[in-house]
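What follows is a single structure, written as structure tokens, with notes after it.
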Amino acid sequence: MYQTNYVKAASTEDAVGHLAKGGQLLAGGMTLIPTMKQRLASPETVVDLAGCGLAGIEDAGDSIRIGAMTRHVDVAESALVQNAIPALAALAGGIGDRQVRNRGTIGGSVANNDPSACYPAAVLGLGGTVHTSTRDIAADDFFTGMFETALDEDEMITAVSFPKVAKAAYVKFPNPASRYAMVGVFVAAGDGHVRVAVTGASSDGVFRHDGMESALSANFDAAALDGASVDVDDMIGDIHAAPDYRAHLVVEMTKRAVAAC
Amino acid sequence: MTKVNITLNGKAVSADVPDNTLLVSFIRDTMALTGTHVGCDTSQCGACIVHLDGESVKSCTMLAVSAEGAEVTTIEGIGSAESLHPMQQAFHENHGLQCGYCTPGMVMSAIELVGKNPNPSDKDIREGLEGNICRCTGYHNIVKSVQAGAQMMGD
């Protein structure tokens with residue numbers, strides 16, 4: 001691994017100061033450390049966020065606020081999340097393996113916006129809000145492309161809020177080896193409108209599917225999706241699944257998510 | 001260089017290491033405890049699993065400096081050749097290994113799994129060991145071992 005300098009930030013302000021000087025933020029390290037080991041990243045300075053006090057889960061009335069450094073295991077095992085948004089707890093409990101869940105954080109996952117990550121589907125599907133060191137960003141404005149977000153160079157995530165909705169479910173088709181979502185779909189129903197967010201499938205990263213949202217808003221039943229189609233041109237194709245198969249999986253996982261609501 | 005102070009298998013240790021030192025390198029190279037293995041080096045195989053403040057982590061996927069102040073337990077810290085940990089005894093009795101390379105990680109992962117779920121089903125064990133890869137056994141005897149280990153840990 002490349003030589004690097006390690007700094008443990010004492011606060012969000014401290015971390016942002018290092019970030020502005022070119023530091024690379026380290027949350028759980030479940031992506032960054034393997035990337036550094038493969039020499040795909042070579043930051044001069046790594047800024048550990050573990051001491052910034054950003055871990056914790058709060059009931060904020062009609063939403064739940066989860067600190068950026070909250071680990072997947074803590075979301076999965078939180079009675080508060082299990083009761084208010086069980087689909088979110090289940091999603092967190094299905095990320096990677098137990099060792100990844102013991103280190104990986106929500107802020108790291110959302111900031112990285114890996115096209116195969118689970119959390120972006122929950123943030124977009126629930127219509128959550130990403131809280132940063134400078135502002136609040138609506139989920140619909142946050143994810144801008146594969147590995148790209150609306151975050152500025154010197155801006156960091158401090159928490160993510162999720163509205164409590166009437167019904168929600170997340171179903172993924174995991175890659176049999178890596179367990180990453182080949183396709184994952186988060187469906188949420190509340191206020192008479194249904195949101196459908198898809199991860200793992202598109203070369204632009206997580207996205208909403210307007211057609212299936214309209215169909216489900218009119219009739220919240222898996223049968224309402226018979227005949228639904230997904231643009232094959234937008235789909236990722238790799239050795240694990242061709243674009244047309246991924247397009248098929250998007251509709252199928254959405255049906256299963258509706259049935260699981 | 002940064003000074004790392006951790007409690008390793010119950011003993012306070014400290015050493016100056018380069019900032020990019022992985023926890024597994026600190027354990028194996030700096031502290032000369034070679035029971036923790038490096039299998040894949042890509043965070044997939046789980047041979048390097050240790051306990052960090054009681055929770056299983058892949059020691060090849062964190063920096064040693066990030067473990068500052070923590071309690072780290074390796075396979076050397078759970079039993080001895082004369083007195084095996086019940087989970088080690090269960091792997092021994094149920095032939096839960098062939099070459100043995102993945103075994104330290106399997107045992108450390110299984111101990112945490114059983115700590116959280118004292119009576120795991122077959123499915124719980126298979127899902128719980130998703131972060132561990134074994135190329136010899138086909139897993140069947142590992143699942144049997146963890147079930148037996150859970151029983152023995154409860155006794």
Contacting moiety of A/Asp48, where chain B heavy atoms sit under 4.5 Å: side chain

Proximity breakdown for A/Leu32 and chain B, heavy-atom pairs closer than 4.5 Å: neither

Residues of residues 68-86 of chain A within contact distance of chain B, non-hydrogen under 4.5 Å: A/Arg71, A/Val73, A/Glu77

Inter-chain contacts: residues 108-122 of chain A against chain B, heavy atoms under 4.5 Å: none

A/Arg98/B/Glu112 salt bridge by N-O under 4.0 Å criterion: yes

Closest heavy-atom pair and its distance - B/Pro86, B/Met153: CB-CG, 3.9 Å

Side-chain donor-acceptor pair present, B/Asp122, B/Gln147, cut-off under 3.5 Å: yes

Top contributor to chain A interface from B/Leu129, B/Asn132, B/Ile49, B/Thr2 [non-hydrogen pairs under 4.5 Å]: B/Ile49

Residue, of B/Ile133, B/Thr21, B/Leu22, B/Leu52, that accumulates the most heavy atom pairs under 4.5 Å with chain A: B/Leu22

Partner chain A: residue of B/Glu127, B/Glu55, B/Met1, B/Glu68 with the largest heavy-atom pair count (under 4.5 Å): B/Glu55

Enclosure of A/Glu153 CD (heavy-atom neighbours >12, cutoff 6.0 Å): no

CD/B/Glu71: more than 12 non-hydrogen atoms of other groups inside 6.0 Å: no

A/Tyr180, OH atom: more than 12 neighbouring heavy atoms under 6.0 Å: no

B/Gln89 versus B/Glu93, side-chain donor and acceptor atoms under 3.5 Å: yes

Residue, of A/Gly29, A/Pro34, A/Gly96, A/Ala50, that accumulates the most heavy atom pairs under 4.5 Å with chain B: A/Pro34

Largest heavy-atom contact set with chain A, pairs under 4.5 Å, which of B/Gly131, B/Ser56, B/Gly46: B/Ser56

side-chain hydrogen bond (donor to acceptor under 3.5 Å, both in side chains) assessment of A/Glu155 paired with A/Thr132: CA-CA 7 Å; A/Glu155 182 178 21; A/Thr132 79; 2.7 Å; yes

More than 12 heavy atoms of other groups within 6.0 Å of B/Gln98 CD: yes

Pair B/Thr36, B/Arg28: side-chain N/O donor-acceptor within cut-off below 3.5 Å: no

Minimum heavy-atom distance between A/Met182 and A/Asn175, given as atom pair plus value: SD-CA, 3.6 Å

Contacts of type side chain to side chain donor-acceptor pair (under 3.5 Å), residue B/Asn117, not counting sequence neighbours: B/Asp124

Partner residues of B/Tyr101 under the ring-ring contact (aromatic ring centres under 6.0 Å, His included) criterion, sequence neighbours left out: B/His37

